[in-house]
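In what follows, a single structure is set out as structure tokens and then discussed.
By convention here, the first residue in the shown sequence is residue 1.
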Amino acid sequence: MPPKIFLETHNISNRAAGLGTFNYELVKGLSALDFKDYELILNTPEPDILKEEFKAKFKYHKYSSLSRHPLFRVRKKHDLWHSVNQNTKVEPFSCNKYLLTIHDVHFIEEVSPDPNHRLNRLFRAKLEKSTAITYISEFAKSETHKNFNVPDVPEYVIHNGNPISTVLDTSKYITNIPVDRPFFYAIGDFLERKNYQSIVNMMRHVKDFNLIISGNNDKKYGDKIKQLIADNGLTKRVFLTGKVSEEGKQFFMKNCTAFLFPSIREGFGLPPIEAMSFGKPTFLSNKTSLPEIGGEASIYWDNFDPEYMTNVLIEGLHDYETNKTEREAIIKKRAADFDWKRTAADYFDVYRSILE
């Protein structure tokens, strides 16, 4: 019988979030591989949707929220369990081999550094039973080693791929956000670490451009940003779209003057890579993993003083426009360095190395 590999991918339905994107793109990349000597099982709340896309390439296990509780864990034995997100509560009742993928350990700073905190104990338990560990960035690896005792098992750094594998025709996309003026674009979850307040404050000093930010903003941090926009008199220049479709995201990325991503904590950061697919100048904070991802193709903010950020932005845009053909080529080449098919092949090599 072929070895059975269980992928804990229950977040795959939420593609508006980074983990959902990772789940889907990894599965999509794996679907392009020849793994007839193995059986890959996907954990998903909606098996029929994945079956429609991937047919019999995979086996499917219907996710139940009860499986997060120890008594109701998946009891069927598999040769390898891949926990594709380090914060999932879905664990096997027992397994022969266990692969853990670590995206970040933000919870140390955002929740609690206390070793006895529930999240830290759950994460340590995953580490301790790991047969091997993969990280999505060198930064994620270094932070894990800094904060935890990592077992002596094989470790791999496998960068995420670029989710934009197909450029869509967005010529018929309709938005109620005004795009008649040049604009900057940002997208991501509305979380404190995304640091959107820094670019809203910067916009007081940037008079000739608008700013458009996409993402689910009906959380507490979204309310904070809305209030900041109003308090600064920017309601006619800074706009929040809420969640957008893939077509909408590509429309704004294609048509923006520059992409802004001032996040202060990222395990990887997919949106900058997506924006670079279109050759757009990309301005990032120099925090955590972002310099590793943006490389020399991006421009970085060292701090978040509004006037300083404005100066970096203006100088960066001037350099881009002065050397546009060359800069576009460098930026697009950087985006092309991240490919989900290659990423999926690297993960499958890890599966084989564990099982063989």
Sole residue of Arg193, Gln197, Glu192 in side chain to side chain contact (heavy atoms under 4.5 Å, CB included) with Asn195: Gln197
Considering all heavy atoms, the nearest [X]-[Y] contact:
X      : Y      : result
Pro163 : Glu274 : CB-OE2, 3.6 Å
Ser245 : Tyr173 : OG-CE1, 4.1 Å
His82  : Leu26  : CE1-CD2, 4.1 Å

Side chains of [X] and [Y]: closer than 4.5 Å at any heavy-atom pair?
X      : Y      : result
Thr241 : Ile187 : no
Phe283 : Pro262 : no
Ile293 : Pro272 : no
Phe251 : Thr175 : yes
Phe58  : Val27  : yes

Thr325: side-chain hydrogen bond (donor to acceptor under 3.5 Å, both in side chains) partners, not counting sequence neighbours: none
Same hydrophobic cluster for [X] and [Y], using side-chain heavy-atom links shorter than 4.5 Å among ILVMFWY?
X      : Y      : result
Ile158 : Tyr135 : no
Ile213 : Phe259 : no
Phe54  : Leu33  : yes

Tyr196 and Phe261: CA distance, side-chain angles, deciding distance, ring-ring contact (aromatic ring centres under 6.0 Å, His included) verdict: CA-CA 8 Å; Tyr196 292 138; Phe261 201 72; 7.8 Å; no
Is [X] positioned over the aromatic face of [Y], cation under 6.0 angstrom from the ring centre and no more than 45 degrees off axis?
X      : Y     : answer
Lys59  : Phe6  : no
Arg75  : Phe93 : yes
Lys129 : Tyr98 : yes

Criterion side chain to side chain contact (heavy atoms under 4.5 Å, CB included) on Cys256 and Phe278, from CA distance to verdict: CA-CA 10 Å; Cys256 70; Phe278 300 102; over 6 Å; no
Separation between OG of Ser13 and CD1 of Ile49, rounded to the nearest 0.5 Å: 6.5 Å
is_close_aromatic(Tyr38, Tyr351), centroid dist under 6.0 Å: no
Backbone N/O of [Y] and side chain of [X]: donor-acceptor pair under 3.5 Å:
X      : Y      : value
Arg204 : Gly233 : no
Arg181 : Arg237 : no
Ser289 : Ser137 : no
Tyr347 : Gly29  : no

Salt-bridge present (Lys280, Glu328; N to O < 4.0 Å): no
Charged N-O contact under 4.0 Å between Lys141 and Glu138: no
Inspect the surroundings of [atom1] in [X] and state if more than 12 heavy atoms from other residues, nucleotides or ligands are less than 6.0 Å away.
X      : atom1 : answer
Asp231 : CG    : yes
Tyr308 : OH    : yes
Lys89  : NZ    : no

Steps toward side chain to side chain contact (heavy atoms under 4.5 Å, CB included) verdict (Ile199, Met309): CA-CA 8 Å; Ile199 52 176; Met309 292 181 74; 4.0 Å; yes
Residues Glu8, Thr88; criterion side chain to side chain donor-acceptor pair (under 3.5 Å); working and verdict: CA-CA 8 Å; Glu8 203 304 272; Thr88 179; 2.7 Å; yes
Trace of the side chain to side chain contact (heavy atoms under 4.5 Å, CB included) decision for Phe35 with Ile5: CA-CA 11 Å; Phe35 52 81; Ile5 303 170; over 6 Å; no
Asp302 and Asn286: side chain donor to acceptor below 3.5 Å: yes
Candidate list Arg68, Lys126, His69, test side-chain hydrogen bond (donor to acceptor under 3.5 Å, both in side chains), partner Glu91, passing option: Lys126
ring-ring contact (aromatic ring centres under 6.0 Å, His included) partner of Phe209, the single match among Tyr185, Phe239, Phe184: Phe184
